[in-house]
Amino acid sequence: MSNPGLYIHVPFCRKKCPYCDFYSVGFREDLAEQYADAVLRNLRYYNERYDTVYFGGGTPILLARHIPRILTECDIEGSAEITVECNPCEMDKETLEILFNAGVNRLSVGVQSASNRELKALGRAHNFEQARRAILTACEVGFCDISADIMLGTPNQDHVSLVYNITKLCELPLTHISAYLLKIEPNTVFGKSLAAGLRSPALPDEDETAGLYLSAARMLEGIGFKQYEISNFAKGGMESKHNLKYWRREEYLGIGPAAHSFYKGKRFAVARNLREFIESPRQIEVITDENPDEIEERIMLGLRLSEGIEKPHWERVKNAFPLIPEKYYKIENERLSLTAEGFLVSNEIISTLLAHMEDL
Amino acid sequence: MEYLDNIRNFCIIAHIDHGKSTLADRILEQTETVAKRDMEEQLLDNMDIERERGITIKARAVRLKYKADDGNEYIFNLIDTPGHVDFNYEVSRSLVACEGAILIVDASQGIEAQTLANTYLAVENDLEVVPVINKIDLPSAHAKEVKEEVENVIGIEAMDAPEISAKMGINIHAVMEEIVKKIPAPKGDLNAPLKALIFDSYYDSYKGVIVYVRVKEGTVKPGDKIRMMASKAEFTVVEVGYMGAVELVPCDELKAGEVGYIAASIKSIGDTKVGDTVTNAENPAAEPLAGYREVAPMVFSGIYPADGAKYGDLRDALEKLQLNDASLSFEPESSVALGFGFRCGFLGLLHMDVVQERLEREYNLDLVTTAPSVVYEIQFTDGTTKMIDNPLNFPDTTLIDTACEPVVNAHIYTPSEYVGNIMELCQNRRGVFKDMQYIDTNRVDLHYELPLNEIVYDFFDALKSRTRGYASYDYEIMGYFPSKLVKLDIMLNGEVIDALSFIIHADKAYERARKMAEKLKEHIPRQLFEIPIQACIGGKIIARETIKALRKDVLAKCYGGDITRKKKLLEKQKEGKKRMRQFGSVEVPQEAFMAVLKLDDE
């Protein structure tokens, strides 16, 4: 547990999805090359040994040609989890083989939905058949730890399509599922059309979305995916080690524009600027939190996990317990954790707890 | 007394937006009292809020020199008057300080209620009214009809009234000459005992209270011992002078007929009441000037700091405001819901708005205010009588023999096409129709008796919205009349929220209760528990709403370990909670308190 994780933000996409506000620019081979060079420069600077590596994006699989030399440059533990996020459209056999041979051992596939109607409403370029084939191809190539991202509360989604979604996913060789609720961000196509009064069609309301989330959680548990975090479900032992670092408050280093780090007690981020990243000898990091409060962070992060938080931490906020309905939390083995229903209102619960935190 | 012949004391009467401040600025320019480069737009309105709202809250005065066409130099004392019904008494005192009034009428809109009320006031006080038709540059101007209206409605000669545009600076010279020719010079006996009318005062941190006066009889100079005839307070004059356009200019003495200021190391503005008479303590006048009265607050509201720790700051701010505003009253009160704050009394709604805004803007305070209440008279079964300005003190109904509420005589001036709308509005507000008269072929004066508590919330807004802004109104208190009054309480999660209680006529309680419950539901965010909202009278529930429990917050992907963003979000939410009022397990945002005060009956 002593080594940090490594997060590499790959800011390229072929096309921007209308709901996404993560940093990315249009893919260009020459930029990808320069970007990979810059990643290598920064890796050399830190000269760390990592026990997880995560290529996130953007569309990291677009960088496949350069991933081998990046991984060669990294000092990585033998047992490390190395994940690459993939868009189903880019997962041809040749590309997947490059990744596999470079040592990548986990794929996170942006399936988003098994319903083509929902995929279309989300503005995705692929259909489910493509996603299904991509995952099967990955399996053939040798990947045995494959995660699928799905989205809940999307336009056109209802209970019928949710059951269909999960049934379809169930047929695939997956070890892990991330299920995110769609959030309409202001600086996205969805956000702007919403602001302009053009509500995207048939967004389920708050209660419907809550219902979808709870059903999804129950169904996923039913088919063997245990919920270990608000949005993450895994078959036995296949939790994402890299993601757990975020919630367990372990160190990670972020490289690439818009990448975030928690490293040597500080939180910092790299500016959202690819040009600057490519041109600077070292990435320019801006401190976002000089001295984060440990207890506050443990409560806020730990309560996203099913394992919850330890007694010394929750004792500081127990004054607020009467303000929280009992069905939303449990205390077992001296650990406080939220129930699935509690996860749904976790912002409200956590901010209530923090607002009543006792000073020492 | 030759010096008197060249003095002209006058004020300007105008409806809001008809161009009073602009004309005042032009007059200042014409007299070159202020160099152009020193001209700040609308110099006389020197509070921010006044400038923004285009209204004058406190009277101001300025002395100008004008070289007239007849070759003589005249001294003009321009006394600016507040333009709103809340400040009626102050207006009347300002008028009494003058011999004449310029009546500005908008060439496109004609006479409005407030203008008319003030003009009548001027005529009653024997002022020479000089009409001026403004805004003739507007395409919709119809000066001739407006002049006819002035003649018909007010009964003064208006055919030769100057047609001007204060904004464009057209024909201002004609106004200046009218002032010289039409407005009489003041009269007054220099040798009589001092009688000076206080028409304004303000607190200066160096000189103490500065009293603006019109000397009616006698003289006053530094060293004189003076007495305020109503408050009986005595002081020694330190300085006298007149009001320059940008600063006070000291002089040797103020004489009968003149307008100026007195500084006498006065600590409390309460000693210098508007309308009071200043006399010489050693050679006092036998009788004070007529017309003084104690101004009583009409509207009361609880004002609380949003952050309880700012109670002291709020008290300091109120004390400072009171230095300049003797009509503002306040005393400490506490509320279970809102903590410690002050019960404040105001002349009217505008006054209340202005005070709140100044507290927020000039003193940087976040406030929570309770519903404005008028003063009720309760006659108890044991024969005693009590005035109640706070719903919390409203007694149990079994103890009440008769409850009385203040009723006003209201005049609404409107184009006749809106009469139906206004009658409907007045009926909704329990108004009793008295009379309707045509002012001219198109405009009507509607006379209603209205309970004050019906117009205290949002009557003016409602009137404006029903008449596309064309109607104006004015009122005066008639007295107290028996009424079926009840106290309406609001409960959240079974707990009475004292700050939301108010007194209302029984017939209107149900509707209002329903609206309040709806508004609260709209403004209180969904929380972890379901929250029942109930409105009740004496324990009987008459309206109910439920805020469903929160089902989900946003669980977006926390990308690439961007914890800080998530944390900021939670931090904001946490801070938001601290700003909310906690009632048991229910959190109520301040907007909810504000929202229920602004119930529109559309």
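Atom set for the values below is all heavy atoms of this structure, side chains included, hydrogens, waters and symmetry mates excluded. Labels below follow one simple rule: chain letters A, B, ... track the order of the sequence lines, proteins then strands, and each chain is numbered from 1.
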Top of [options] for chain B proximity - count of heavy-atom pairs under 4.5 angstrom:
options: A/Leu214, A/Leu323, A/Thr209; result: A/Leu323
options: A/Pro325, A/Gly256, A/Ala355; result: A/Pro325
options: A/Asp289, A/Ile324, A/Ile350; result: A/Ile324

Will you find, in the side chains of A/His9 and A/Tyr35, an N or O donor that is under 3.5 Å from an N or O acceptor?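 Looking only at side-chain atoms, A/Tyr35 and A/His9 do not form any donor-acceptor pair under 3.5 Å.
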
Could you look at [X] and say if it's the side chain, the backbone, both or neither that has a heavy atom under 4.5 Å from chain B?
X: A/Pro292; answer: both
X: A/Leu152; answer: neither
X: A/Tyr328; answer: side chain
X: A/Ser178; answer: neither
X: A/Ile8; answer: neither
X: A/Asp21; answer: side chain

Whether [Y] and [X] form a salt bridge (side-chain N of Lys/Arg under 4.0 Å from carboxylate O of Asp/Glu) is what I want to check.
X: A/Asp51; Y: A/Lys241; result: no
X: B/Arg358; Y: B/Glu360; result: no
X: A/Lys266; Y: A/Glu290; result: yes
X: B/Glu530; Y: B/Lys548; result: no
X: A/Arg267; Y: A/Glu297; result: yes

Contacting moiety of B/Glu587, where chain A heavy atoms sit under 4.5 Å: side chain

So, is the end of the A/Arg272 side chain (NZ or CZ) under 6.0 Å from the ring centre of A/Tyr23 and within 45° of the ring's axis?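 Judged by the rule, A/Arg272 and A/Tyr23 form no cation-pi pair.
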
With chain A, which of B/Lys568, B/Glu575, B/Arg565 has the greatest number of heavy-atom pairs at distances under 4.5 Å?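 Max contact count across the listed options: B/Arg565.
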
For chain A, find which of B/Glu571, B/Lys572, B/Arg526 contributes the most heavy-atom pairs closer than 4.5 angstrom. B/Arg526

Give me the ring orientation class for A/His242 and A/Tyr246: parallel if the planes are under 30° apart, tilted from 30 to 60°, perpendicular past 60°.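 Because their plane-to-plane angle is over 60°, the rings of A/His242 and A/Tyr246 count as perpendicular.
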
